[in-house]
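Heads up: the structure comes next, in structure tokens.
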Protein chains: 2
Amino acid sequence: MVSLMDEQSFSLADLMGKKLTLQKGDCVFCQGQMFDSVYLIGAGSLKTYNLNSTGKEGVTGFYFQGDIVGFSGMDMGYHPCFAKALEPTQVYKILFHEMEDLSALEPFWARQVLQIMSRQIRENQRLIALLGSRSERKIASFLLGLSAKFNAEVSSAEFFKLTMSRNDIAAYLGVSGETVSRTLTQFHKKGYIQVKGKEVSILSFSALQQLNV
Amino acid sequence: MVSLMDEQSFSLADLMGKKLTLQKGDCVFCQGQMFDSVYLIGAGSLKTYNLNSTGKEGVTGFYFQGDIVGFSGMDMGYHPCFAKALEPTQVYKILFHEMEDLSALEPFWARQVLQIMSRQIRENQRLIALLGSRSERKIASFLLGLSAKFNAEVSSAEFFKLTMSRNDIAAYLGVSGETVSRTLTQFHKKGYIQVKGKEVSILSFSALQQLNV
DNA sequence: CGAACCCTTGATTGATGTCAACATACGTGG
DNA sequence: CCACGTATGTTGACATCAATCAAGGGTTCG
């Protein structure tokens with residue numbers, strides 16, 4: 001996979017984007033804030049979430065190195081969600097009108113942006129297709145997706161870190177935090193995964209894939 | 001809202017896209033098929049869905065006039081879903097590499113494409129945020145979203161037509177067909193909506209919005 | 001006109017949310 | 001470095017929503 005973090009585009013990002021360093025809990029942008037930029041993630045991870053009138057968080061996505069966060073604000077002109085760092089994180093701020101200009105100038109960049117948006121649409125639709133399935137399957141799919149993402153883009157370590165809390169995962173998949181806990185220990189007891197706090201390793205991809213259907 | 005169906009871009013679409021006429025049930029593309037085009041909808045409506053190994057349909061989206069369908073296939077190089085007409089429908093086939101060329105030449109077009117993709121990301125995330133909520137709320141949100149879309153883009157008629165079946169709605173929202181039926185009649189009894197087969201009219205937006213939270 | 005599909009409604013069952021208690025990890029300040 | 005307090009995670013008991021099964025009516029299309 002060609003990534004925006006490859007050398008060629010890294011220089012592009014450097015050119016156009018102001019580099020921001022975030023601590024855990026810092027927000028890149030807030031729900032309702034005016035849209036003028038998107039953010040390319042250089043390192044770390046973010047979650048996007050919105051608050052409904054009851055104050056409950058709905059997590060709409062997790063973002064890692066090479067992802068761009070903030071596109072959902074483009075068409076309405078304001079961000080419909082918060083974007084908050086899950087760990088120390090670096091992002092490159094990309095002013096939207098500069099990105100548009102560059103699209104006209106640099107075909108490689110334009111194609112990369114479309115690729116990233118397309119990937120996001122596909123990933124969102126993968127989740128939507130899970131909407132009706134049981135929590136076991138949702139969580140299996142979540143682990144497999146995360147593992148694929150990490151192996152492809154971040155590292156090939158056996159263990160990967162869940163930088164988000166169990167409740168974040170729960171709010172993302174539309175289940176309760178307790179169900180996430182229960183299902184993880186269930187997977188562990190069946191020998192599908194190994195869990196050490198926030199570190200997870202998949203022992204049987206096939207078993208999870210079978211649940212995933 | 002500026003739409004791709006406005007005069008200026010209509011001529012663009014005419015220029016680049018071969019016009020296809022579909023009957024109800026016809027597929028624009030199939031799951032697994034190679035990606036080379038996206039499709040701008042001129043009239044009618046489509047659903048996208050995928051089949052899992054058990055043969056069960058998971059509906060990932062509904063698309064109407066002015067939407068572009070097929071972006072989810074871009075980054076992997078093949079379509080991860082079917083796109084099937086829900087009624088007599090017209091689409092403009094847009095070869096992807098031609099779209100890229102035109103985007104480089106025509107900033108207006110490039111911006112429109114980004115807008116449409118952004119809207120789709122936002123709409124998908126709105127659904128994802130509903131993942132954990134009760135079916136009542138899911139269906140209320142679905143009706144409100146559809147109503148907004150129709151009023152904005154298709155017509156301002158009081159009634160709008162559900163071109164998809166109850167089971168399609170169910171598969172989209174991750175509930176059972178029976179639950180869709182029951183909830184609609186419940187809304188009807190409470191005076192929130194009027195239902196005549198596939199025609200629906202919203203009598204109390206506020207009541208539905210309150211459920212929507 | 002028949003057959004297939006779609007929709008509605010009822011009864012039952014099962015999965016999962018909620019509540020509660022406890023355990024563990026984390027961060028902060030002494 | 002320890003001690004405390006808070007946030008996060010785990011586990012159990014129970015309640016509830018919605019899936020499933022089933023039956024019947026309605027609609028569409030060949």
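Chain letters run A, B, ... following the sequence lines, proteins first and then strands; every chain starts at 1.
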Give every pair of a protein N or O atom and an N or O atom of nucleotides 20-24 of chain D that lie under 3.5 Å apart, one pair per line with the distance.
residue: D/dT20; atom: O4; partner: B/Arg182; partner atom: NH2; Å: 2.9
residue: D/dC21; atom: N4; partner: B/Glu178; partner atom: OE2; Å: 3.0

Could you give the [atom1]-to-[atom2] distance, from [X] to [N], as a whole number of Å?
| X | N | atom1 | atom2 | value |
| --- | --- | --- | --- | --- |
| A/Glu199 | C/dT24 | CD | C1' | 16 Å |
| B/Ile169 | D/dA18 | CD1 | C1' | 17 Å |
| B/Lys24 | D/dT28 | NZ | C1' | 8 Å |
| A/Gln186 | D/dG12 | CD | P | 12 Å |
| A/Leu173 | C/dT16 | CG | P | 12 Å |
| A/His188 | D/dG9 | NE2 | P | 17 Å |
| A/Glu57 | D/dT8 | CD | C1' | 14 Å |
| A/Phe187 | D/dG9 | CZ | P | 17 Å |

All N/O contacts under 3.5 Å from nucleotides 2-7 of chain C to the protein, with atom names and distances to one decimal?
residue: C/dC7; atom: OP1; partner: B/Arg166; partner atom: N; Å: 3.4
residue: C/dC7; atom: OP1; partner: B/Lys198; partner atom: NZ; Å: 3.1
residue: C/dC7; atom: OP2; partner: B/Arg166; partner atom: N; Å: 2.9

Regarding [X] and [Y], does a basic nitrogen lie under 4.0 Å from an acidic carboxylate oxygen?
| X | Y | value |
| --- | --- | --- |
| B/Lys18 | B/Glu98 | no |
| A/Arg122 | B/Asp75 | yes |
| B/Lys161 | B/Glu87 | no |

Subject >> Of B/Ser135 and A/Val180, the one whose closest DNA chain D nucleotide lies more 5' >> reply: A/Val180
Original post:
Within the structure shown, what part of the strands sits under 4.0 Å from B/Gly25 by heavy-atom distance: base, sugar-phosphate, or nothing?
Top reply: nothing
**OP:** Tell me what B/Val175 touches on the nucleic acid: a base, only sugar-phosphate, or nothing, going by heavy atoms under 4.0 Å.
**Re:**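 It contacts sugar-phosphate atoms only.
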Subject >> side-chain contact (heavy atoms from CB on, under 4.5 Å) evaluation trace for A/Met117 with B/Leu114 >> reply: CA-CA 9 Å; A/Met117 292 181 83; B/Leu114 288 179; 3.6 Å; yes
Original post:
If you take all heavy atoms of A/Phe71 and A/Gln120, which pair is closest and at what distance?
Top reply: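 Minimum heavy-atom contact is CD1-OE1, 4.3 Å.
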**OP:** Answer with yes or no after comparing the ring centroid distance for A/Tyr92 and A/Tyr39 against a 6.0 Å cut-off, counting only values under it.
**Re:**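 Not close enough - the centres of the two rings lie 6.0 Å or further apart.
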**OP:** Indicate the ring-plane relationship of B/Phe29 and B/His79, choosing parallel, tilted or perpendicular according to the 30° and 60° boundaries.
**Re:** parallel
**OP:** List for me each residue that meets salt bridge (charged side-chain N to carboxylate O under 4.0 Å, His left out) alongside A/Lys47, sequence neighbours excluded, and say none if there are none.
**Re:**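 If we apply the salt bridge (charged side-chain N to carboxylate O under 4.0 Å, His left out) test to A/Lys47, skipping adjacent residues, the hits are A/Glu57, A/Asp168.
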Original post:
Got more than 12 heavy atoms from elsewhere within 6.0 Å of NZ, B/Lys190?
Top reply: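 Yes, the 6.0 Å shell around NZ holds more than 12 heavy atoms from other groups.
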